[in-house]
There are 2 protein chains.
Amino acid sequence: MEELNYKEYLNKYGMKSTKQRNLLLNILKNIKIPHTAEQIYLKARKSDALVNLSTVYRILEKFTEKKITLRTSFMDEKCVYSLFPTTHQHQLICLRCKKVILIGGCPLKEFEKTVEKQTDFSIVNHRLELYGYCRDCQKIIAAN
Amino acid sequence: MEELNYKEYLNKYGMKSTKQRNLLLNILKNIKIPHTAEQIYLKARKSDALVNLSTVYRILEKFTEKKITLRTSFMDEKCVYSLFPTTHQHQLICLRCKKVILIGGCPLKEFEKTVEKQTDFSIVNHRLELYGYCRDCQKIIAAN
DNA sequence: TTGCAAATGCAAATTATTTGCAATAATATA
DNA sequence: TATATTATTGCAAATAATTTGCATTTGCAA
């Protein structure tokens, strides 16, 4: 994992460039699925730069506030963090192996309009996750 | 709030009829929006029948396992419980006052089929919540 | 290079939830 | 109806995730 410096990027958000923040950004760029604060912390510990778990929480909190990261929590599970997606997308989560696949093509635009008319709410956001079993886990389940 | 006895109903699920369970069922039938375990506990304390908070957790856990109740957690918030909806529906949540409106007419059937084809997942479930501002809160926000 | 605010580390606090265990209550059955 | 059996409850203590207070360190602007 190449060591990068995100000073400019961080300063743009009014944050100082620290080795901990650079490290976390680097980790976040390299993970393919959302990770918990603890998982990120454990990855961080493997590098030279030492980081404290509360610092990880604090950094992720600030990142989330600035929309650098997205914080989600699946059904009954702890929060996970990932870089904030640049395009609108949702998550498809395997209930067995917890693998996450990102899917585009959100079908909710029209539905939201209908609901707004019905309810007088002004809808600003939604949360959609799909749950199922990935191909591998389907096989494993079928074999038992 | 009328005191009812759900003995038959509970036995059907292989559960004994206890005053705590009857009380919780009664509370659940009477609430219009999902409540946290603690909120339910506080309502329970107002009745004659005393209940312990861990008992509330244990009952709600069992109810949820039996699909008597639905356990959800909104963005970053603690779990809430409600009677398991008899029809498929989703929640529309006011970001200001936390009011919840239930909406039917889920638009995801077709979308799920498309995603299944794209991804080889077998989709068994989804979670959809809409967030926005209710009419009252829109007014309050506009007035500031 | 110095000064100051922001960021960090550490330990301790909080919050929601769960668990162990002894006491109690509900049901089945004698 | 009494009794045995087992589930359920209450209580206190444990756990797990996350947050906070405070002293120290660090980044950056002047």
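Values below: every heavy atom of this structure, side chains too, minus hydrogens, waters and symmetry copies. Computed from a predicted model, the values in this text were never measured in an experiment. Each chain gets a letter, A, B and so on, in the order the sequences are listed, and its residues count up from 1.
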| Within the structure, does a side-chain N or O atom of B:Tyr57 lie under 4.0 Å from either OP1 or OP2 of C:dT18? | no
| Within the pair A:Asn52 and C:dC10, is there a side-chain N or O less than 4.0 Å away from OP1 or OP2? | yes
| message | If you compare every side-chain N and O of B:Lys62 against the phosphate oxygens of D:dT8 (OP1, OP2), does one of them come in below 4.0 Å? | response | yes
| Name the one of B:Val80, B:Ile59, B:Leu28 that satisfies side-chain contact (heavy atoms from CB on, under 4.5 Å) with B:Thr69? | B:Leu28
| said: Counting the atoms with a prime plus P, OP1 and OP2 as sugar-phosphate, which does A:Thr36 contact under 4.0 Å by heavy atoms, base, sugar-phosphate, or nothing? | reply: nothing
| request: Please check the phosphate of C:dA25 (OP1 and OP2 only) for any side-chain N or O of B:Gln20 closer than 4.0 Å. | output: no
| message | From OH of B:Tyr41 over to P of C:dT17, roughly how many Å is that when rounded to an integer? | response | 14 Å
| Any donor-acceptor pair under 3.5 Å joining the side chain of A:Lys16 to the base of D:dT26? | no
| message | Test side chain to side chain contact (heavy atoms under 4.5 Å, CB included) on A:Ile68 and A:Tyr6; report intermediate values, then the result. | response | CA-CA 12 Å; A:Ile68 292 171; A:Tyr6 302 92; over 6 Å; no
| query | Whole-Å distance between D:dT8 C1' and B:Leu24 CG? | reply | 13 Å
| message | Please confirm whether the shortest side-chain N or O distance from B:Lys7 to OP1 or OP2 of C:dT27 is below 4.0 Å. | response | yes
| query | Reckon A:Arg58 has a side-chain N or O less than 4.0 Å from the OP1 or OP2 of C:dA7? | reply | no
| said: Using a 6.0 Å distance limit plus a 45 degree cone around the ring axis, check whether B:Lys29 lies over the aromatic ring of B:Tyr9. | reply: yes
| Just how far, in rounded Å, is P of D:dT8 from CG of B:Asn11? | 10 Å
| remark: Closest to the 5' end of DNA chain C, once B:Leu53 and A:Ile59 are matched to their nearest nucleotides, is A:Ile59
| OP1 or OP2 of C:dA7 under 4.0 Å from side-chain N/O of A:Thr55 | no
| request: Find the distance A:Leu10:CG to D:dT26:P and express it as a whole number of Å. | output: 18 Å
| query | In whole angstrom, what separates B:Leu23's CG from D:dT9's P? | reply | 11 Å
| query | With the threshold set at 4.0 Å, does a side-chain nitrogen-carboxylate oxygen contact exist between B:Lys113 and B:Glu116? | reply | no
| said: Show the nearest heavy-atom pair for residues B:His90 and B:Leu128, with the distance to one decimal. | reply: ND1-O, 3.1 Å
| Spacing of A:Tyr6 atom OH relative to D:dC28 atom P, expressed in whole Å | 16 Å
| said: When you compare the side chains of B:Asn22 and B:Ser17, does any donor N or O come within less than 3.5 Å of an acceptor on the partner? | reply: yes
| Whole angstrom value for the distance that separates P of D:dG27 from NZ of A:Lys19 | 7 Å
| query | Could you give the CE-to-C1' distance, from A:Met15 to C:dA7, as a whole number of Å? | reply | 12 Å
| request: Report the residue (A:Ser54 or A:Glu38) whose heavy-atom-nearest nucleotide on DNA chain D is the more 5′ of the two. | output: A:Glu38
| remark: Re C:dT1: Watson-Crick or G-U wobble partner, both distances kept under 3.5 Å, found to be D:dA30
| query | Paired with C:dA22: which nucleotide, if any, by Watson-Crick or G-U wobble criteria at under 3.5 Å for both distances? | reply | D:dT9
